[in-house]
Amino acid sequence: MLAYYMREAYLLLEEGASVEQIDRVLIEFGLPVGPYGMQDIAGIDVGARIRQYLKSIGKSRAEGPQSAIPDRLFEMGRYGQKSGAGWYKYDAPGSRNRASDPLIEQLANEEAKKRGIVRRPIPDDEIIARITTALANEGRGCSKRSSRHARATSTSSTVYGFGFPRYRGGPMFYAETIGLPTLLSRVNEYSARFGDYWEPAPLLEKLVAEGRGFYS
């Protein structure tokens, strides 16, 4: 689920949002740290080496287009706080005092141009919608086993794994608060706008058709 969370954060950056905006919006939503701040703490090199391994065995962490920016930062030796630069720049290696880095905007412009994207201002609510929809829809991987297992897995992995706000109840519970028809509508909209890697989870389509929710 983290892979889909980060995929949308990376793509939103290429489409026109900034690292600072995305982190701010997710913190205001209730996370203790945004996706880019989290990566700088954990280490950009960790994710890069996982991607390298998966590529070597013909696999990917998430479906859909993958931004090249994280790997470009890795190749530059920008691993995050421990190296003194990552998505942010720091006073010194190991420092927590961070500042914006114009290099990230430059890389985002370069990658957007390669993919034929015209960058645009992105509203805060679109950032929340894209990321939470990706998380809730990806719950389908767990849902193949049982809905109870899906709820428990999606909630525990996101709440304890990367700090999804507890009071929102996990991605699938949060999806129910906005309504599964709304969630399905978003997925279909994103599929039309961005590509068929946005595919509605079969369970989501079934529940909407039957007028039920994840917790029924």
Side-chain angles (χ1 to χ4, degrees), residues 1-17 21-35 38 59-67 117 120-216:
M1 294 183 77
L2 180 60
Y4 286 80
Y5 172 75
M6 292 307 305
R7 180 195 72 190
E8 288 309 303
Y10 295 148
L11 295 181
L12 284 160
L13 173 63
E14 290 188 8
E15 290 168 28
Q21 179 192 10
I22 295 169
D23 274 357
R24 172 184 59 77
V25 169
L26 269 297
I27 290 170
E28 290 174 355
F29 180 72
L31 275 77
V33 64
M38 176 185 68
K59 294 185 178 181
S60 173
R61 296 187 75 183
E63 299 167 351
Q66 305 296 316
S67 175
I117 294 172
R120 61 186 172 88
I122 297 182
D124 290 355
D125 58 359
E126 181 176 347
I127 293 172
I128 294 296
R130 288 267 294 277
I131 287 177
T132 57
T133 300
L135 282 170
N137 195 50
E138 180 49 24
R140 65 187 177 180
C142 308
S143 302
K144 293 175 182 176
R145 291 186 286 274
S146 75
S147 57
R148 178 179 295 177
H149 186 269
R151 295 195 302 269
T153 303
S154 69
T155 298
S156 61
S157 65
T158 54
V159 170
Y160 295 107
F162 57 94
F164 195 92
R166 292 186 184 187
Y167 71 91
R168 297 193 187 274
M172 296 173 80
F173 183 86
Y174 176 71
E176 291 215 336
T177 67
I178 63 172
L180 297 195
T182 298
L183 182 71
L184 179 59
S185 177
R186 284 180 181 174
V187 175
N188 288 329
E189 176 197 344
Y190 298 154
S191 178
R193 286 174 60 190
F194 305 116
D196 58 9
Y197 65 92
W198 275 99
E199 180 183 1
L203 176 62
L204 175 60
E205 292 182 310
K206 174 180 171 63
L207 292 176
V208 170
E210 295 174 354
R212 296 193 295 139
F214 288 129
Y215 287 78
S216 59

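Bear in mind the structure is a predicted one, so any value in this text is a computation, not a measurement.
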Task: Verdict with supporting geometry, Met38 and Leu2, side-chain contact (heavy atoms from CB on, under 4.5 Å) - done: CA-CA 11 Å; Met38 176 185 68; Leu2 180 60; 3.7 Å; yes
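- Partners of Glu176 under the side-chain hydrogen bond (donor to acceptor under 3.5 Å, both in side chains) rule, at least two apart in sequence or in another chain, do not exist in this structure.
- Closest of all the heavy-atom pairs between Gly34 and Leu26 is CA-CB, 4.4 Å.
- Applying the side-chain hydrogen bond (donor to acceptor under 3.5 Å, both in side chains) criterion to Ser67, with sequence neighbours excluded, gives Glu14.
- In terms of the side-chain hydrogen bond (donor to acceptor under 3.5 Å, both in side chains) criterion, Tyr190 has no residue partners (sequence neighbours excluded).
- Less than 6.0 angstrom separates the ring centroid of Phe29 from the ring centroid of Phe164.
- Going from atom CG of Leu204 over to atom NZ of Lys206 covers 12.5 Å, rounded to the nearest 0.5 Å.
- The shortest distance between side-chain heavy atoms of Glu138 and Arg7 does not fall below 4.5 Å.
- Taking OH of Tyr5 as the start and CD1 of Ile131 as the end, the distance is 6.0 Å to the nearest 0.5 Å.
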Counting only pairs under 3.5 Å, give me each side-chain donor-acceptor contact of residues 179-187, with atom names and distances, residues two or more places apart or in other chains.
residue	atom	partner	partner atom	Å
Thr182	OG1	Ile178	O	3.3
Arg186	NH1	Thr133	OG1	3.4

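- Between Ile22 and Pro35 the shortest side-chain heavy-atom distance falls below 4.5 Å.
- By the side-chain contact (heavy atoms from CB on, under 4.5 Å) test, Gln21 is found to be paired with Ala17, Ser18, Arg24, Val25, Asp124, Ile127, residues two or more places apart in sequence or in another chain being considered.
- For Arg212, the side-chain hydrogen bond (donor to acceptor under 3.5 Å, both in side chains) partners at least two apart in sequence or on another chain are Glu210.
- In this structure, the side chain of Thr177 engages the main chain of Tyr174 through a donor-acceptor pair within 3.5 Å.
- Heavy atoms only, all atoms of each residue included: Ala136 and Ala175 are closest at CB-CB, 3.9 Å.
- Under the 6.0 Å distance and 45° angle rule, Arg130 counts as a cation-pi partner of Phe194.
- In terms of modelled atom types and a separation under 3.5 Å, the side chain of Asn137 and the main chain of Glu199 share a donor-acceptor contact.
- Between Ile122 and Leu12 there is a side-chain heavy-atom pair separated by less than 4.5 Å.
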